J.: 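Below is the structure I would like to discuss, written out as structure tokens.
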Amino acid sequence: MKSQLSEVKCAVLTAASIALCIVLPMAFHAIPNAGNIFLPMHIPVLLCGLVCGWQYGLLCGIAGPVLSAVLTGMPPAAVLPGMAAETAVFGIVTGIMMKMIHTKRLLPDLYISLITAILLGKVVSGAAKALLFSAGEYSMAAWVSASFVTAWPGLLLQLALIPAVTAALEKAKLIPARYPNQRGR
Amino acid sequence: MDAVNGRGIYYSYDADCGGEPVLQNIAVLIRKGEFTAVLGANGSGKTTLARHFNALNHLQKGQLTVNELDVGDTSRHWDLRRHVGMVFQNPENQFVSLIVEEDLAFGLKNYETPEREIPQRIKKALASVSMDGYERHSLHRLSGGQKQRIALAAVLALEPDIVIFDEATSMLDPKGRSEVMGQMKKLHCEGKTIILITHDIEEAVEAENVILMNRGNILACGTPHEVLTDRALLEQAEILPPLAVQLYYDLKERGVCLAHCPLKKDELVEELCQLN
Amino acid sequence: MGNDIMGQYIAGDSVFHKMRGSTKLICFFLILTAVILTDSAAGFFLLFMTAAGSAILAGIGLRNIGKSIARLKLFFITIFLMNLFFFSSEQAWWSFWIFHLSPAGLEQGTVVVMRVVFLLLFSRILIGTTTPAELTGGLEILLSPLGVFGISTGETAMILSVAVQFIPILSKEADQIRKAQIARGAEFEGRHFWERAKSALPVVIPVFLAAFRRADELALAMEARGYRKEKAQRKRGRISIHLCDVQAIVLSGAVCMSQILL
């Protein structure tokens, strides 16, 4: 996808994704603890990496949570470093995977990239918390609980929503079709 | 000198996949200093054509020179865009900053304007759209008409020779629309070439020259009187005639014949008074 | 809320207003670290004195900031209660099913709420004394190492500037989409957690489409005004550092170190 998007467009789409990192969580703010459960901030970062490439995904992954913390106070201080590490990995890995994977069908490309990015992001975030941010206080059980048990609705949401959003963007010709000559991807 | 001279222009958004052409064998001529309206219904290709004039759409087939620069030469596109400014439909989608002066400085910095000149150019541009003193204002607190005038100021800061208004009034209320139309006429009086892209026939009436488009083709080109009083032509373009023209024909069908077909309200009043 | 965030800058000529955006961000991150490390009464007292002193120096009343933070009281109550009843079952005063009211839960709930309140306090002081341009300029400097990955500081600055100005626009767009969905019968104020969660979904795809559409148009407008990535490298003049910048960083560092010792 990224190779056909102009660099100006990638830059502006990245800016829009960073803004969505702040706007989307606000849409969920009426729901208690929605941030930890639905992970609304992850969606724009994953999409940015998929569409614009790993450099822009990385920028979005770092700037999104940081700008959100500065402007709205969310994510909370204790969560920000681990989250920024996680989302940075999301942005990088989705971008790299979309460049490397070409199954000739959009959905498998998306799912392989997303699942790889999410797993690696969770691992890096857990390692960062265990070794740096909460050294000595972060256990494997806590990691599994936070990454998968509490956040499973958010993971399902990402896996369902992101392909739907990507398809909608391709249909609206806002991003170039990954496989233009294909029908019924 | 011709501001715009093109022929054989062809364009398709899905050219690689053999998609339907949006522009077919277009020939266009706009002289320097003219106020030209490109009129057509939605999907007629007018915006697609306008975006060739500043090379936002790359020329696929045909020849086109704008301000004596060859649009087919991609190395000249950056130069071209300094001479051809474009104001888009939605003012909010043209701003890169929250503060007026930062947004106006954006284009000037892109063209490497010396730092010491920038404040003066911004001041001049704001004055030309009657928004003096708005440098430190927040953009999102302005009205629709004010935002569009700031978008115009951002374009004028680069001192272009040609200004294209791409449906620039369609999202504005009547007051905002009147402000922007007033700016267009003022710029025209100052010698700039104005190209108005519109589907609103009452706006096209204000121009010196009208290009009528439909389904990627140019149906007619001429003065507003020549083009906009021809009911059959407008029907082919899927556009309703101006109100004054509709009244002229309605009166004619009821046996009341006016000496000339008016285009505007005051012309109609004049013709009706002459009946007595 | 988008306009609320962007409209929080209060013009002034305090020492905070004069500091560089990058300095204020560095201080903010040092204080943020201090907030994360704080878990004692003495530590919170030190944070309170730092916040009060900062607010006075910045010329911003603590009362005004307090009012804006007080609007989030429902959120504070929620996180307090979640920690109170779910944090620990050891030496519980009362237990029922998965709910355990314990001293550790009470302490944890209090600490977490206090941390969030202080973070919001410092965040408000930062954005009250820093224009969006200074904020993005500061972030640009801090993100300049990304240049090794092919994104120039000029381009980073542009992206951040555009992101900040998109926030109120997309926020308004999301609100309009919500209202349009309500007009079609969607319910956003359901009583149950999952009802509310489900109701947020029909907003997400349209918001993305709207955001990408705007980005598409803005990219065209930027190209029309001569923007080119290869020219986006900023010419940075000499960076002047004032005494107040140094003092602020040293003081913030001292607060952070104190939390380690307390």
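Throughout, protein chains are lettered first and strands after them, A, B, ... in sequence-line order, and every chain is numbered starting at 1. Worth saying up front: this structure is predicted, and the values here are computed from it rather than measured.
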J.: Inspect the contact between B:R51 and C:E223 and indicate whether a charged nitrogen and a carboxylate oxygen are less than 4.0 angstrom apart.
T.: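 Between B:R51 and C:E223 there is no salt bridge, as every charged N stays at least 4.0 Å from the carboxylate O atoms.
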J.: What do you reckon, is NZ of B:K186 surrounded by more than 12 foreign heavy atoms closer than 6.0 Å?
T.: yes
J.: Roughly how far, to the nearest 0.5 Å, is CD of B:E92 from CD of C:E217?
T.: 11.0 Å
J.: Within this structure, what is the NE2-CZ distance for the pair B:H77 and C:R228, rounded to the nearest 0.5 Å?
T.: 12.5 Å
J.: Are C:M222 and B:V96 close enough, and set up right, to give a side-chain contact (heavy atoms from CB on, under 4.5 Å), and what steps lead you there?
T.: CA-CA 8 Å; C:M222 287 168 63; B:V96 296; 3.7 Å; yes
J.: C:F29: what forms a ring-ring contact (aromatic ring centres under 6.0 Å, His included) with it, not counting sequence neighbours?
T.: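 Not a single residue meets the ring-ring contact (aromatic ring centres under 6.0 Å, His included) criterion with C:F29.
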J.: Identify the two heavy atoms, one from B:N110 and one from C:R225, that lie closest to each other, and give their separation to 0.1 Å.
T.: ND2-O, 3.1 Å
J.: Select one option (side chain, backbone, both, neither) describing which atoms of B:D166 are under 4.5 Å from chain C's heavy atoms.
T.: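 Neither part; nothing is under 4.5 Å.
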J.: Out of B:G107, B:G85, B:S97, which one racks up the most heavy-atom pairs below 4.5 Å with chain C?
T.: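 Of the candidates given, the most pairs with chain C belong to B:S97.
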J.: Give, for atom CZ of C:R214 and atom CG of B:N90, the distance between the pair rounded to the nearest 0.5 Å.
T.: 5.5 Å
J.: Using heavy-atom distances under 4.5 Å, tell me whether B:F88 contacts chain C through its side chain, its backbone, both, or neither.
T.: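 The side chain, not the backbone.
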J.: For B:N54 versus C:A224, what's the shortest heavy-atom pair and its separation?
T.: ND2-CB, 3.9 Å
J.: Of the backbone (N, CA, C, O) and the side chain (C-beta and beyond), which part of B:E102 lies under 4.5 Å from a heavy atom of chain C, both, or neither?
T.: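 Just its side chain gets close to chain C.
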J.: Chain C contacts: which residues in residues 151-158 of chain B have a non-hydrogen atom closer than 4.5 Å to it?
T.: B:A154, B:L158
J.: Look at atom CD of B:E20 and say whether more than 12 heavy atoms of other residues, nucleotides or ligands are closer to it than 6.0 Å.
T.: no
J.: Please say whether more than 12 non-hydrogen atoms of neighbouring residues, nucleotides or ligands are located less than 6.0 Å from CD in B:E190.
T.: yes
J.: Between atom CG of B:N93 and atom CG of C:D216, what is the distance when rounded to the nearest 0.5 Å?
T.: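 So the CG of B:N93 and the CG of C:D216 are separated by 9.5 Å.
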J.: What pair of heavy atoms forms the shortest contact from C:V164 to B:L98, and how long is it?
T.: CG1-CD1, 3.6 Å
